[in-house]
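Worksheet: one structure, shown below.
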Protein chains: 2
Amino acid sequence: MTDINFSGPAGAPDSKGVEGAGAHSRDLRWDIIELLFFAYRDFVGDADHELEAFGFGRAHHRVMHFVHRYPGLKVADLLDVLRITKQSLGRVLKQLLDEGYIVQKTGNNDRRQRLLYATAKGEALVGKLAGLQTDRINRAVADIDPAGVETVRQFLRAMIDRDDPDKVLETIFGSGSKKPRE
Amino acid sequence: MTDINFSGPAGAPDSKGVEGAGAHSRDLRWDIIELLFFAYRDFVGDADHELEAFGFGRAHHRVMHFVHRYPGLKVADLLDVLRITKQSLGRVLKQLLDEGYIVQKTGNNDRRQRLLYATAKGEALVGKLAGLQTDRINRAVADIDPAGVETVRQFLRAMIDRDDPDKVLETIFGSGSKKPRE
DNA sequence: AAATTTATGTCAGTCATGTTGACATATCTT
DNA sequence: AAGATATGTCAACATGACTGACATAAATTT
């Protein structure tokens, strides 16, 4: 008969969790873990809602995003970035090609390669989605000064694995350092 | 010998995209959009890897996390937080109950309710996963001073929708203000 | 030139996790 | 007693992952 209807037990989240903890509490960062969950949920939710109107899903968005941002991306590079199998990519890529959001061009150095480019139609879609997400980001940084925004960028960059970077990550972090320590 | 055509076209990402853009460029925040994608991918990747050993997926992790953090959570509240259907929750919750990671207790005010609690076994799992993610967060904030970390928290909080908050979000943001502005 | 490797595409089947719709049961509210 | 609410469950389906096998064209190696 524990009454507890939610209000009592946990209550307000603490920055460095301790709970009834005995030995190995280690100051887990529950608050940031949770904030990341909610922030990302709502962040991708912006795009998800709009994508429905096009009959597309998140997978299509991710492909469109990276093809737009890195024109001439090879299929193999895209597989590395998205970390999915070619069979999985194949389905969404085929749809995007068929419906004219992306075009392929044969590589000139290596004619086996299919370099990917967004069409005007594709640019429009990806721009619209980025606009929604940009609105949210702008709202979020409205009360943060430029140095603070740079701190946020630094945090996000430092959250990313840097061992075994794909081509896109090499571009984001100047391709010099592959060391996981900073 | 992949001779990387990749380098030419897009080149380094810019903080405020302009591209060949004509009219409506609006300073989209491509850089932060992309950093969020990679940061979250690697962040959840930590847990994903560990979960495989238990035969669980992300869905199980999310349930365990919130049940642990908010002991006595009602099934209905959990559905609100996760934003999934009861049928979808039912499957993973049943597994977690059957395998002894979570227990249910009948509400004493309302005996229809099933209040959820993590068992010691459940605490151990969720703590292990939070440990992995905490390690990543600690690495990420190692070069950021306390004020900067607070800025990161502020950013993440401000990224979250505050209209229509569920019970958990009401707890996170003191339940007073439902205004989307802070 | 022939053999092998690489880049890409595709068929077939499976799994995890989400969905809708319908319905059952216990319990609380009116 | 009747209705609403909290939960659970059955069945069917969609999306987006997965593995494994195989096909083709083009580059590379022998």
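In what follows, chains are A, B, ... by sequence order, proteins preceding strands, each numbered from 1.
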Which residues pass the side-chain hydrogen bond (donor to acceptor under 3.5 Å, both in side chains) test with Lys105(A), sequence neighbours left out?
none
Among residues 56-66 of chain B, which residues get a heavy atom nearer than 4.0 Å to DNA chain C?
Gly57(B), Arg58(B), Ala59(B), His60(B), Arg62(B)
Are Phe155(B) and Phe155(A) close enough that their ring centers fall under 6.0 Å?
no
Among all residues two or more places apart in sequence or in another chain, which pass the ring-ring contact (aromatic ring centres under 6.0 Å, His included) test with Phe43(A)?
Tyr40(A)
Could you tell me which residues satisfy side-chain contact (heavy atoms from CB on, under 4.5 Å) with Arg112(B), sequence neighbours excluded, listed by chain and number?
Asp110(B)
Between C1' on dT6(C) and CG on Asp77(A), what's the gap in Å once rounded to a whole number?
14 Å
Any Lys/Arg nitrogen of Lys167(B) or Glu170(B) sitting under 4.0 Å from an Asp/Glu carboxylate oxygen of the other?
no
For the pair made of CD in Gln113(B) and C1' in dA6(D), what is the distance, rounded to whole Å?
7 Å
How would you summarise protein contacts on nucleotides 25-30 of chain C per nucleotide, using B for base, S for sugar-phosphate only and - for none, with heavy-atom distances below 4.0 Å?
-BBS--
Taken to the nearest whole Å, NZ/Lys105(B) to C1'/dT7(D) is 19 Å
In whole angstroms, the gap separating C1' of dA25(D) from CD of Gln104(A) amounts to 14 Å
Which of residues 78-100 of chain B sit near DNA chain D, with a heavy atom under 4.0 Å from it?
Lys86(B), Gln87(B)
Can you name the salt bridge (Lys or Arg N to Asp or Glu O under 4.0 Å) partners of Asp46(B), sequence neighbours left out?
Arg136(B)
Could you work out, with side-chain contact (heavy atoms from CB on, under 4.5 Å) as the rule, every residue matching Arg114(B), not counting sequence neighbours?
Val75(B), Gln104(B), Thr106(B)
In chain order, what residues pass the side-chain contact (heavy atoms from CB on, under 4.5 Å) check against Ala130(A), with sequence neighbours excluded?
Leu28(B), Trp30(B), Ile33(B)
Over how many whole Å does the gap from His49(B) atom NE2 to dC18(D) atom P extend?
14 Å
Take the protein atom CG of Leu116(B) and the nucleotide atom P of dA6(D), then report the distance between them rounded to whole Å.
15 Å
Give every donor-acceptor pair under 3.5 Å between a side-chain atom in residues 88-98 of chain B and any protein atom, sequence neighbours left out.
residue: Lys94(B); atom: NZ; partner: Asp98(B); partner atom: OD2; Å: 3.4
residue: Gln95(B); atom: OE1; partner: His60(B); partner atom: NE2; Å: 3.0

side-chain hydrogen bond (donor to acceptor under 3.5 Å, both in side chains) filter on Lys128(B), not counting sequence neighbours, yields Glu50(B)
For Phe38(B), enumerate each residue passing the ring-ring contact (aromatic ring centres under 6.0 Å, His included) test, keeping only those at least two apart in sequence or located in another chain.
Phe66(A)
